[in-house]
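Following: one structure in structure tokens, then a few remarks.
Heavy-atom basis, side chains included; hydrogens, waters and symmetry copies ignored.
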Amino acid sequence: GNASARITLHTADQADVSSLRRLVSSLGSRRFDVIIDDGSHQPLDQLNSFFLLFALVRPGGVYVIEDIGSSWNRAYGHLRPNQPNDEQLERTALGLVGRWLERGELPAAGSGKAPPEWPGTVLDVPTRDYLTRCIECMRFEAGQDGATCLIRKRPSCDASAGTTEL
């Protein structure tokens with residue numbers, strides 16, 4: 001079939017959690033093989049989008065976040081202006097998510113264990129538990145044009161198990 005007929009584009013304002021929640025609500029029970037976040041590149045926006053939209057990925061699907069290296073760019077409010085290497089990628093907000101998932105210790109915002117950027121996120125206990133259960137792996141790729149994070153959902157993850165109430 002026609003590839004463009006199988007591809008849909010949905011947009012929301014990443015800086016506005018209400019906009020993200022409206023998007024999730026408007027999609028109802030639809031699930032996607034791939035979701036690509038190539039939005040604001042602000043680490044907090046990337047985290048909130050991931051926390052809210054990952055539930056829309058089908059089991060076995062992939063959530064992709066472009067330009068996570070913005071954590072090192074002064075234009076995005078961060079103080080590390082160099083291109084990140086693999087070791088530095090693990091220190092981004094998403095790298096922290098990956099490390100904490102490996103340890104089974106992904107803390108919810110306000111838990112006292114979260115890094116400083118967590119209080120502005122929508123990561124609550126049900127979302128944390130869902131992510132811990134459903135993320136199969138996170139992979140970081142650094143290249144000349146930036147860095148990308150690929151997050152695969154476990155094939156066994158229940159697609160109907162949502163996260164936070166909208």
Indicate the atoms forming the closest heavy-atom contact of [X] with [Y], along with that distance.
{"X": "Ser49", "Y": "Gln14", "result": "OG-NE2, 2.9 Å"}
{"X": "Ser26", "Y": "Leu23", "result": "OG-O, 2.8 Å"}
{"X": "Ile35", "Y": "Leu53", "result": "CD1-O, 3.6 Å"}
{"X": "Glu66", "Y": "Gln46", "result": "O-NE2, 3.2 Å"}
{"X": "Leu52", "Y": "Val24", "result": "O-CG2, 3.8 Å"}

Heavy-atom donor-acceptor pair, Arg133 side chain to Cys157 backbone, under 3.5 Å: no
Within 45° of the six-membered ring axis of Phe54 and under 6.0 Å from that ring's centre, is NZ or CZ of Lys153 located there? yes
With Arg139, which residues qualify under side-chain hydrogen bond (donor to acceptor under 3.5 Å, both in side chains), at least two apart?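 Here the qualifying residues are Glu141.
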Could you tell me if the side chain of Val62 sits less than 4.5 Å from the side chain of Val57, heavy atoms only? no
Min side-chain heavy-atom separation Pro155-Glu136 under 4.5 Å: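 Heavy-atom side-chain distance check passes, below 4.5 Å.
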Could you check Thr132 against Asp129 for side chain to side chain donor-acceptor pair (under 3.5 Å), going step by step and ending with a plain yes or no? CA-CA 5 Å; Thr132 301; Asp129 293 347; 5.3 Å; no
Can you tell me which residue pairs pass the salt bridge (Lys or Arg N to Asp or Glu O under 4.0 Å) test with a partner in residues 33-43, sequence neighbours excluded?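 Qualifying pairs: Asp33-Arg58.
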Let me check something: do Leu56 and Val17 share a hydrophobic cluster, defined by ILVMFWY side-chain heavy atoms less than 4.5 Å apart, either directly or through other members?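 Shared cluster, yes.
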Cluster question for you: counting only ILVMFWY and a side-chain heavy-atom cut-off of under 4.5 Å, with indirect links fine, are Ile151 and Val34 together?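 In one cluster: no.
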Connected to Leu9, directly or through other members, by ILVMFWY side-chain contacts below 4.5 Å are none
[atom1]-[atom2] distance between [X] and [Y], expressed to the nearest 0.5 angstrom:
{"X": "Ile65", "Y": "Thr148", "atom1": "CD1", "atom2": "OG1", "value": "9.5 Å"}
{"X": "Asn48", "Y": "Phe51", "atom1": "CG", "atom2": "CZ", "value": "7.0 Å"}
{"X": "Met138", "Y": "Leu131", "atom1": "CE", "atom2": "CG", "value": "9.0 Å"}

side-chain contact (heavy atoms from CB on, under 4.5 Å) with Asp16: which residues, sequence neighbours excluded?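 Checked Asp16 against side-chain contact (heavy atoms from CB on, under 4.5 Å); matches are Asp13, Ser18, Ser19, Arg22.
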side-chain contact (heavy atoms from CB on, under 4.5 Å) partners of Arg30, counting only residues at least two apart: Thr8, His10, Leu27, Phe32
